[in-house]
There are 2 protein chains.
Amino acid sequence: MTTGSAPRRVTIADVADRAGVSTAAVSKVLRGAYGVSPGMRAKVREAMDELGYRPHAAARAMRGRTYTLGVMLSDTRNPFFPDIIEGVTGRLGGTEYQVLLGPGGDEPRSQARMTDAMIDRSMDGIILISPVMSSAELAAIATTTPIVVIGRHGGAAEYDSVVDDDIVGARLVVDHLADLGHRRIAHITHLDRGRASGADSPQAVRAEGYRQAMRARGLAEGIDVVATSFTEEGGYEGARQLLARPARPTAIFAGADVAALGVLRAAYEAGLSVPGDLSVAGYDNIGIASLKPISLTSVDQDGHVIGATAARLLIERIEGRGRSVLSSVSPTLVVRGTTGPPAGRE
Amino acid sequence: MTTGSAPRRVTIADVADRAGVSTAAVSKVLRGAYGVSPGMRAKVREAMDELGYRPHAAARAMRGRTYTLGVMLSDTRNPFFPDIIEGVTGRLGGTEYQVLLGPGGDEPRSQARMTDAMIDRSMDGIILISPVMSSAELAAIATTTPIVVIGRHGGAAEYDSVVDDDIVGARLVVDHLADLGHRRIAHITHLDRGRASGADSPQAVRAEGYRQAMRARGLAEGIDVVATSFTEEGGYEGARQLLARPARPTAIFAGADVAALGVLRAAYEAGLSVPGDLSVAGYDNIGIASLKPISLTSVDQDGHVIGATAARLLIERIEGRGRSVLSSVSPTLVVRGTTGPPAGRE
DNA sequence: CTAACAATGGAGAACGTTCTACGAAACATG
DNA sequence: CATGTTTCGTAGAACGTTCTCCATTGTTAG
């Protein structure tokens with residue numbers, strides 16, 4: 001019984017037999033193709049229901065679509081992936097498409113391997129989240145299968161892109177802090193280890209947005225950027241450097257929440273009260289940011305909208321749109337307990 | 001250029017042409033089948049390399065394997081999924097197998113839908129993480145495709161199971177707290193809304209382990225279980241109830257870290273110091289548990305080992321093992337700052 | 001020297017769909 | 001009533017593999 005041989009699958013031929021029509025007819029009904037009388041459609045539908053027919057995706061793949069979309073994840077631990085995924089699946093809810101996720105790792109090679117694997121499995125389209133590849137490589141993939149890239153600024157003619165508007169996000173933070181009265185607002189960014197992303201990367205754009213916003217508020221002299229990494233440790237390290245400045249900043253804008261957590265630890269160790277002595281803001285609005293003991297002011301990316309947009313663009317591509325699209329999603333600022341007016345004006 | 005028609009795939013026939021042999025021969029080399037001379041093997045290998053041949057998984061699926069394993073995720077937000085995934089992919093590193101993740105949602109229906117989708121895509125095997133289905137449904141799936149179930153106690157003849165030993169985990173916490181001198185140790189568990197899991201669920205086993213351990217330490221009178229839910233809110237609510245007891249507990253063991261976070265909030269609001277007035281322990285050892293401002297004592301499940309074990313069992317099943325296996329992975333206790341000796345003995 | 005057998009390679013039929021032709025009605029038009 | 005023109009339905013060839021035979025060699029035994 002344990003080794004019960006699997007019962008043969010119900011195929012299109014079984015349905016055809018049952019309904020007393022040809023397999024071609026069943027296929028037509030299945031695809032909603034032209035040339036089917038209402039009577040036949042009903043007969044076939046009934047037969048399919050009775051037999052519990054489900055199309056065999058692999059067989060479909062041999063000729064037409066698989067109705068499968070792939071999402072290449074560059075980092076499974078990234079806390080807003082779930083939101084993006086939810087956005088994607090939510091958007092695809094009514095359709096026949098299924099979403100499968102591929103853990104691509106953080107290496108260009110492993111990501112390429114995963115992307116190849118998805119192509120080999122005849123996926124109809126692929127969404128790549130923050131891929132670490134050159135634009136040329138992405139373009140090459142796009143010649144084989146429609147793709148949408150999330151999280152890379154710049155865009156390209158060969159594929160669609162969805163990005164968070166990091167310029168706006170950075171400005172929201174700077175404006176908020178400046179409105180509170182801060183003048184020396186420092187920024188912690190992530191140092192790219194010579195990867196192929198460059199100025200397209202979110203961290204680079206956030207840093208640029210920070211600089212622009214500071215200048216726009218007439219705080220050009222207050223500009224102070226430290227490049228460590230987007231980790232708890234990186235935030236801690238960056239904050240230690242900043243807090244050792246002769247005129248230390250009254251506010252630190254970390255380019256990522258994880259780094260902001262490190263900043264909080266550094267502040268705590270330095271005996272600085274938050275937000276009394278130091279205001280701290282992050283980016284990404286990860287889950288713990290809202291937790292009481294943290295209560296971190298942060299920029300929210302609305303991964304839901306990003307995911308849904310990516311799904312929409314991908315479907316459009318698959319259905320034939322040629323023109324390339326770059327969609328920019330506006331972030332919002334969530335003000336919480338780690339930001340407030342600076343203690344003493346000078 | 002944008003609409004460059006995709007270049008035709010390199011097929012087994014192209015390789016055969018190039019090497020001057022038949023497609024059957026190429027297939028044999030590919031599968032490592034019997035009846036291939038070293039000379040031919042070399043020729044074919046060379047042709048494959050030159051042409052950059054990659055097998056078409058969908059075509060393979062029509063006859064043999066797809067070398068694709070599915071992992072059904074019941075909750076993408078679950079913080080130890082990444083560990084499990086890493087364990088799975090790590091184990092499969094050297095092999096030809098690829099892992100694809102399917103977000104199954106938390107509804108039995110949507111999970112069944114995802115599982116069906118994986119079967120329809122001819123996956124060679126499926127790992128189900130904490131599925132919300134009856135054992136009968138799981139057994140039915142297992143007749144079609146080999147499966148391994150993670151996180152369901154009890155096991156079954158039709159499939160393999162990998163579980164965290166929640167009895168041991170609960171005992172580790174109770175022993176730790178009892179060693180510190182606590183006598184009134186309360187437990188917060190998750191109330192199952194009549195789902196088909198029952199006594200198999202981790203929360204039920206953890207609660208049972210808690211009771212067993214309390215009795216073993218002669219603390220039977222101190223047993224106090226509150227059933228809310230494994231969320232921040234549920235932990236908060238449960239703690240409020242417990243702290244309102246005439247003789248309030250000196251320690252709370254939350255069945256999940258997220259709930260423990262809620263307990264911490266309730267303690268904070270009640271003006272109780274942790275661990276001075278109240279010790280708190282969780283389960284799962286999620287990422288933020290180790291963060292300084294939280295520093296939560298918790299039980300670590302080693303998702304890595306769980307994932308790797310599941311992958312191993314699944315491969316064994318696919319290769320033909322008939323006998324069913326239930327593998328239990330022992331958790332470890334990570335002691336951090338939220339547990340300490342009780343303030344005043346009475 | 002022949003029979004038996006192992007080793008090697010290839011022909012060709014699946015597998016479950018899609019989709020292009022094409023035929024046979026049914027209907028409209030003159 | 002002959003002749004288009006739709007509309008409906010079917011044959012059958014793909015698609016890229018796997019894998020079961022079968023044919024052709026050598027090789028060995030008697």
Side-chain angles (χ1 to χ4, degrees), chain A residues 6-45 47-48 51-68 96 119-124 144 318, chain B residues 5-45 47-48 51-68 96 117 119-124 144 318:
Chain A
R8 205 179 54 77
R9 262 192 95 90
V10 175
T11 75
I12 211 178
D14 300 326
V15 176
D17 276 1
R18 176 85 164 214
V21 297
S22 70
T23 60
V26 178
S27 177
K28 275 188 183 174
V29 171
L30 219 42
R31 289 150 30 216
Y34 175 83
V36 184
S37 66
M40 188 173 82
R41 196 194 324 281
K43 264 192 307 183
V44 172
R45 284 263 159 75
M48 291 199 303
L51 296 174
Y53 169 78
R54 290 197 328 245
H56 190 316
R60 278 187 149 175
M62 297 293 296
R63 304 237 67 212
R65 307 234 181 117
T66 50
Y67 296 96
T68 310
E96 215 184 335
I119 294 170
D120 295 345
R121 279 153 189 80
S122 318
M123 298 209 173
D124 295 341
T144 309
I318 293 172
Chain B
S5 67
R8 204 178 56 75
R9 263 191 94 90
V10 175
T11 75
I12 212 179
D14 300 326
V15 176
D17 276 2
R18 177 84 163 214
V21 298
S22 71
T23 61
V26 177
S27 177
K28 277 186 184 174
V29 171
L30 218 42
R31 290 151 27 218
Y34 175 84
V36 184
S37 67
M40 188 175 81
R41 197 195 322 282
K43 265 193 308 184
V44 170
R45 284 264 159 75
M48 292 199 301
L51 296 173
Y53 169 78
R54 289 198 327 245
H56 191 315
R60 280 187 148 176
M62 297 293 296
R63 306 237 65 213
R65 306 234 180 118
T66 50
Y67 296 97
T68 310
E96 217 185 333
I119 294 170
D120 295 345
R121 279 153 189 80
S122 319
M123 299 207 173
D124 294 341
T144 310
I318 294 172

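Quick note on labels: first sequence line is chain A, next is B, and so on, each numbered from 1.
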Is there side-chain contact between B:D120 and A:R60, with heavy atoms separated by less than 4.5 Å?
no
Passing option when B:M48 is tested against B:D14, B:V10, B:V15, B:I12 for side-chain contact (heavy atoms from CB on, under 4.5 Å):
B:V15
Given the options A:V29, A:L30, A:V36, A:V44 meets side-chain contact (heavy atoms from CB on, under 4.5 Å) only with A:V29
Taking only side-chain nitrogens and oxygens of A:S37, does any of them come within less than 4.0 Å of OP1 or OP2 of D:dG9?
yes
B:Y34 OH to C:dG10 P: how many Å, rounded?
16 Å
Give me the distances for all protein-to-nucleotides 10-16 of chain D N/O pairs that come in under 3.5 Å?
unit_1 : atom_1 : unit_2 : atom_2 : d
D:dT10 : OP2    : A:S22  : N      : 3.1
D:dT10 : OP2    : A:S22  : OG     : 3.0
D:dA14 : N3     : A:R63  : NE     : 3.3
D:dG16 : N2     : B:A59  : O      : 3.4

Rounded to the nearest 0.5 Å, the OH atom of A:Y53 sits from the CZ atom of A:R9 at a distance of 7.5 Å
Evaluation steps, side chain to side chain donor-acceptor pair (under 3.5 Å), between A:T68 and B:R121:
CA-CA 9 Å; A:T68 310; B:R121 279 153 189 80; 2.6 Å; yes
Sugar-phosphate only, base, or nothing, as touched by A:S27 at under 4.0 Å among non-hydrogen atoms:
base
